[in-house]
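Encoded as structure tokens, here's the structure I'll be asking about.
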2 protein chains.
Amino acid sequence: MGARLTSKNAARQDFMPLMRALVRAYQGFAAYAADGHRIAGLTAPQADVIFVLGNTGGMTFREIGEHTLISKGTLTGIVDRLEGKRLVRRVTSPTDQRCTQVQLSDSGGRLFEQHFPRQVDYLKQRFDRLSKTERAEAARLLEKLAAAFW
Amino acid sequence: MGARLTSKNAARQDFMPLMRALVRAYQGFAAYAADGHRIAGLTAPQADVIFVLGNTGGMTFREIGEHTLISKGTLTGIVDRLEGKRLVRRVTSPTDQRCTQVQLSDSGGRLFEQHFPRQVDYLKQRFDRLSKTERAEAARLLEKLAAAFW
DNA sequence: TATTGTTATACTCTATAACTATA
DNA sequence: TATAGTTATAGAGTATAACAATA
């Protein structure tokens, strides 16, 4: 009976090694990525915004929010700080005056073109510790897991 | 030449689907877990501390920091707020007066015993969308990935 | 009326470093 | 001198909700 209870509890918590591994992998990744972005003077949310704006003509707050999962109130502050660094600008949409397009400035565009490829190489070093097959399998399983939390 | 550059760039960014999947899975998990903890009035870092203290006689700040990766300055504030809610207490170590043991209070112990099993079941629902085999494989790959970021 | 973005409020966490008290 | 924890500082992000301008 003690044994049965123990084995039932073990089964109940069967997912915990995966949960712990997910947290460890993400925290390691996030800290490493943040170190890379710090060189460019960006926080992670700021880098996310610059990243989604790259190679676009600009996006509204609503669109940026959809891509980054950052809420509109928070986004106002992040864009304020990016605008303070002259990396983006706000442009009111001519067709709908309620909408504000956020666009990369010239220096924001240069940052995107120079910093992000370096960041990609920097990240690649670590992700490449997994083989191509392992990366594909991990991506597939994580997509399935992500879908479970929708 | 265009094609070669393209394929080289494609290979250079080969890890990005995995990176995106990692971020999506973690963010989904973190938001879902935070919703569960909110019912108990806990933030994620606060829940982490309660969790590591559970089933122990207490831990010093240093030990808690090692288990949670929270720095000592930050931990002071988190423990302050948990103490304000009467979930933990500080006890100076009798053998080394520099050290403070953080212990679950009675109500902290009850919260640990009542909330955490519920949280485990609540999380399990989602993680169980992956089969046992998939969970094991995902955990293995994520551990390997986590090790790459050490 | 509904939508877009801003503002206000209040809090939590973070990093960094100086500080204290003990050892 | 080294260690444990606190305090100070300054910022950044979060949630929530009320708000103004526009559609």
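Here is how names work: the chains are called A, B, and so on, in the same order as the sequence lines, proteins then strands, and each is numbered from 1.
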Legend entry - Validation row: B/Thr56, B/Met59 side chains within 4.5 angstrom (heavy atoms):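 In short, these two side chains touch, coming nearer than 4.5 Å.
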Legend entry - Contacts of A/Gln125 that satisfy side chain to side chain contact (heavy atoms under 4.5 Å, CB included) - sequence neighbours left out: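 Side chain to side chain contact (heavy atoms under 4.5 Å, CB included) list for A/Gln125, sorted by chain: A/Tyr32.
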Sequence neighbours left out, cut at 3.5 Å: what donor-acceptor pairs do the side chains of residues 142-150 of chain B make with other protein atoms?
{"unit_1": "B/Glu143", "atom_1": "OE1", "unit_2": "A/Arg24", "atom_2": "NH2", "d": "3.1"}
{"unit_1": "B/Lys144", "atom_1": "NZ", "unit_2": "A/Glu134", "atom_2": "OE1", "d": "3.0"}
{"unit_1": "B/Lys144", "atom_1": "NZ", "unit_2": "A/Glu134", "atom_2": "OE2", "d": "3.1"}

Scan the side chains in residues 81-89 of chain B for donor-acceptor partners under 3.5 Å anywhere in the protein, sequence neighbours excluded, and list what turns up.
{"unit_1": "B/Glu83", "atom_1": "OE1", "unit_2": "B/Arg90", "atom_2": "NH1", "d": "2.5"}
{"unit_1": "B/Glu83", "atom_1": "OE2", "unit_2": "B/Arg90", "atom_2": "N", "d": "3.4"}
{"unit_1": "B/Lys85", "atom_1": "NZ", "unit_2": "B/Gly41", "atom_2": "O", "d": "2.9"}
{"unit_1": "B/Lys85", "atom_1": "NZ", "unit_2": "B/Gln46", "atom_2": "OE1", "d": "2.6"}
{"unit_1": "B/Arg89", "atom_1": "NE", "unit_2": "B/Gln103", "atom_2": "OE1", "d": "3.1"}

Inset, instruction - Carefully, step by step, assess A/Thr133 and A/Glu137 under the rule side chain to side chain contact (heavy atoms under 4.5 Å, CB included). - result: CA-CA 6 Å; A/Thr133 311; A/Glu137 181 65 1; 5.6 Å; no
Legend entry - Rounded distance [0.5 Å steps], NE2 in A/His37 versus OH in A/Tyr122: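 Taking NE2 in A/His37 and OH in A/Tyr122, the distance rounds to 9.0 Å.
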Inset, instruction - Name every residue in residues 70-99 of chain B that has at least one heavy atom under 4.0 Å from any atom of DNA chain D, in order of residue number, or write none if there are no such residues. - result: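 Those residues are B/Lys72, B/Gly73, B/Thr76, B/Arg90, B/Arg98, B/Cys99.
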Legend entry - Where at least one partner belongs to residues 28-37 of chain B, residue pairs that pass salt bridge (Lys or Arg N to Asp or Glu O under 4.0 Å), sequence neighbours excluded: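 Sorted result for residues 28-37 of chain B: B/Asp35-B/Arg38.
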Inset, instruction - Residues of residues 36-69 of chain A with any non-hydrogen atom less than 4.0 angstrom from an atom of DNA chain D: list those, numerically ordered, please. - result: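 By residue number: A/Thr43, A/Pro45, A/Gln46.
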